[in-house]
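Heads up, the thing below is written out as structure tokens.
Side-chain atoms are counted along with the backbone in the values below, which use heavy atoms only and exclude waters and symmetry mates.
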Amino acid sequence: MRHKKAGKRLGRRKEERVALQRNLTAALFDQFGEEKEFIFTTVTKAKWVKPFAERCITLGVKGYRELQKAADANGTTVAELRRQQTEEKKKFKDFSPKVREHLSRSIHLRRQAVSKLRNPNTVRQLFEKIAPRYLDRPGGYLRVLKTNRSHLGDAADVALLGFVEAAESQEG
């Protein structure tokens with residue numbers, strides 16, 4: 001009996017569940033900014049992975065806010081601050097203490113996201129494209145929509161896991 005055992009097991013070992021969580025989240029984040037900002041998966045998997053992906057987006061939003069604070073303290077924009085770090089190769093110690101404080105917090109949040117997702121390209125996508133869109137939103141970045149489709153092999157219900165504010169709503 002599984003009394004008082006929280007969470008879904010999905011018929012997998014722990015390592016497989018963690019890998020599934022990371023892969024589904026990476027697949028969802030890779031769809032961001034394209035025509036379709038969603039993925040299809042089973043209802044159970046979609047409901048299971050949604051909190052994990054939202055926590056990752058929250059890390060991205062917090063990291064981007066810290067980057068904005070660092071840029072404000074430096075008297076530049078976020079893009080200019082990134083350019084200084086990459087193209088001009090400005091050293092961390094050359095920034096003022098206030099800028100360094102915010103930069104180090106942003107780096108810490110980015111490292112936390114890397115430890116959760118294990119994919120640097122996905123984390124880059126999260127911090128550079130996804131987080132700026134959701135700065136003003138206090139949470140609830142994703143939604144699960146049930147479809148009338150089902151898998152052929154096991155007849156599992158299929159759901160759509162996607163971002164709440166699609167690209168069309170941003171343009172209008």
Side-chain angles (χ1 to χ4, degrees), residues 7-68 71 77-79 81-83 85-87 103 105-154 156-172:
K8 298 273 185 198
R9 293 197 321 198
L10 301 173
R12 291 169 169 81
R13 295 177 313 190
K14 183 183 178 193
E15 301 84 28
E16 294 169 346
R17 282 194 306 270
V18 169
L20 176 69
Q21 210 170 33
R22 289 176 178 155
N23 290 339
L24 282 174
T25 305
L28 177 65
F29 290 173
D30 289 342
Q31 292 295 321
F32 187 83
E34 296 180 11
E35 188 175 315
K36 299 178 192 173
E37 293 187 343
F38 57 86
I39 58 170
F40 285 106
T41 184
T42 64
V43 173
T44 307
K45 287 179 192 173
K47 286 181 177 181
W48 173 73
V49 81
K50 183 182 167 208
F52 175 78
E54 286 189 345
R55 282 192 297 270
C56 291
I57 294 172
T58 301
L59 283 175
V61 168
K62 286 180 179 179
Y64 194 81
R65 281 194 187 124
E66 288 297 329
L67 204 56
Q68 279 183 326
T77 63
V78 172
L81 187 65
R82 281 190 176 139
R83 191 186 62 73
Q85 288 179 311
T86 56
E87 293 173 11
L103 280 177
R105 286 183 190 158
S106 176
I107 291 169
H108 173 66
L109 290 164
R110 187 177 283 259
R111 286 177 179 164
Q112 282 183 322
V114 168
S115 74
K116 287 181 183 294
L117 295 172
R118 300 286 171 98
N119 187 342
N121 295 329
T122 303
V123 173
R124 187 176 303 111
Q125 174 92 350
L126 171 64
F127 276 78
E128 293 177 6
K129 295 183 180 160
I130 298 172
R133 183 194 287 184
Y134 293 110
L135 280 176
D136 299 330
R137 191 171 181 90
Y141 313 110
L142 302 174
R143 64 178 163 204
V144 176
L145 298 173
K146 295 181 184 176
T147 63
N148 58 355
R149 296 167 42 178
S150 61
H151 280 176
L152 275 177
D154 60 358
D157 293 331
V158 174
L160 182 142
L161 176 64
F163 292 95
V164 172
E165 297 172 356
E168 295 82 36
S169 65
Q170 292 295 315
E171 294 170 3

Hey, does Leu109 have a side-chain heavy atom less than 4.5 Å from the side chain of Tyr64?
-> no
Mark yes or no for whether Arg9, through its side chain, and Gly11, through its backbone, hold a donor-acceptor pair below 3.5 Å.
-> no
Find out whether His151 and Thr42 are in side-chain contact, i.e. whether some heavy atom of one side chain is under 4.5 Å from a heavy atom of the other.
-> yes
Here the gap from Asn119 atom CG to Arg124 atom CZ, rounded to the nearest 0.5 Å, amounts to 9.0 Å
Hey, could you give me the OG1/CZ distance between Thr25 and Phe52, rounded to the nearest 0.5 Å?
-> 5.0 Å
Beyond-backbone contact of Ile57 with Phe163, side-chain heavy atoms, under 4.5 angstrom = yes
Below 4.5 Å, heavy atoms only, C-beta onward: do Asp157 and Lys146 meet side chain to side chain?
-> no
With no hydrogens and no angle check, is any side-chain donor or acceptor of Gln125 less than 3.5 Å from a backbone partner on Phe29?
-> yes
So, the side chain of Thr147 versus the backbone of Val158: is there a donor-acceptor pair under 3.5 Å, distance only?
-> yes
Flag the pair His108 / Glu66 as yes when at least one side-chain heavy-atom distance between them is below 4.5 Å, and no otherwise.
-> no
Enclosure of Arg137 CZ (heavy-atom neighbours >12, cutoff 6.0 Å) = yes
dist Leu59:CG -> Leu126:CG (nearest 0.5 Å) comes out at 7.5 Å
Taking atom CZ of Arg133 and atom CD of Glu37, what is their separation to the nearest 0.5 Å?
-> 4.0 Å
Over all heavy atoms of both residues, which pair between Leu81 and Ala71 is shortest? Give the atoms and the distance, please.
-> CD2-N, 3.8 Å
CG (Leu28) and CG (Asn23) are apart, to the nearest 0.5 Å, by 12.5 Å
For Val164 and Gly140, work out which heavy atoms get closest and say how close.
-> CG2-O, 3.2 Å
Might you point out which heavy atoms bring Ser115 and Gln112 nearest each other, and give the distance in Å?
-> OG-O, 2.7 Å
Heavy-atom side-chain contact between Leu24 and Leu20 under 4.5 Å | yes
N/O donor-acceptor pair under 3.5 Å between Ser106 side chain and Leu103 backbone = no
Does Arg12 use its side chain to pair, donor to acceptor, with the backbone of Arg17 at less than 3.5 Å?
-> no
Rounded to the nearest 0.5 Å, the NZ atom of Lys47 sits from the CG atom of Leu161 at a distance of 12.0 Å
Taking all atoms of both residues into account, what is the closest heavy-atom pair of Cys56 and Lys116, and its distance?
-> SG-CD, 4.1 Å
Any idea which heavy atoms bring Ala113 and Phe127 closest together, and the distance?
-> CB-CE1, 3.7 Å
Going through the checks in order, is the side chain to side chain contact (heavy atoms under 4.5 Å, CB included) test met by Thr58 and Tyr141?
-> CA-CA 9 Å; Thr58 301; Tyr141 313 110; 3.4 Å; yes
Specify the closest pair of heavy atoms between Leu117 and Arg22, including all atoms of both residues, with the distance to one decimal.
-> O-CD, 3.9 Å
Taking Glu54 for the side chain and Leu142 for the main chain, is one N or O donor matched with an acceptor at less than 3.5 Å?
-> yes
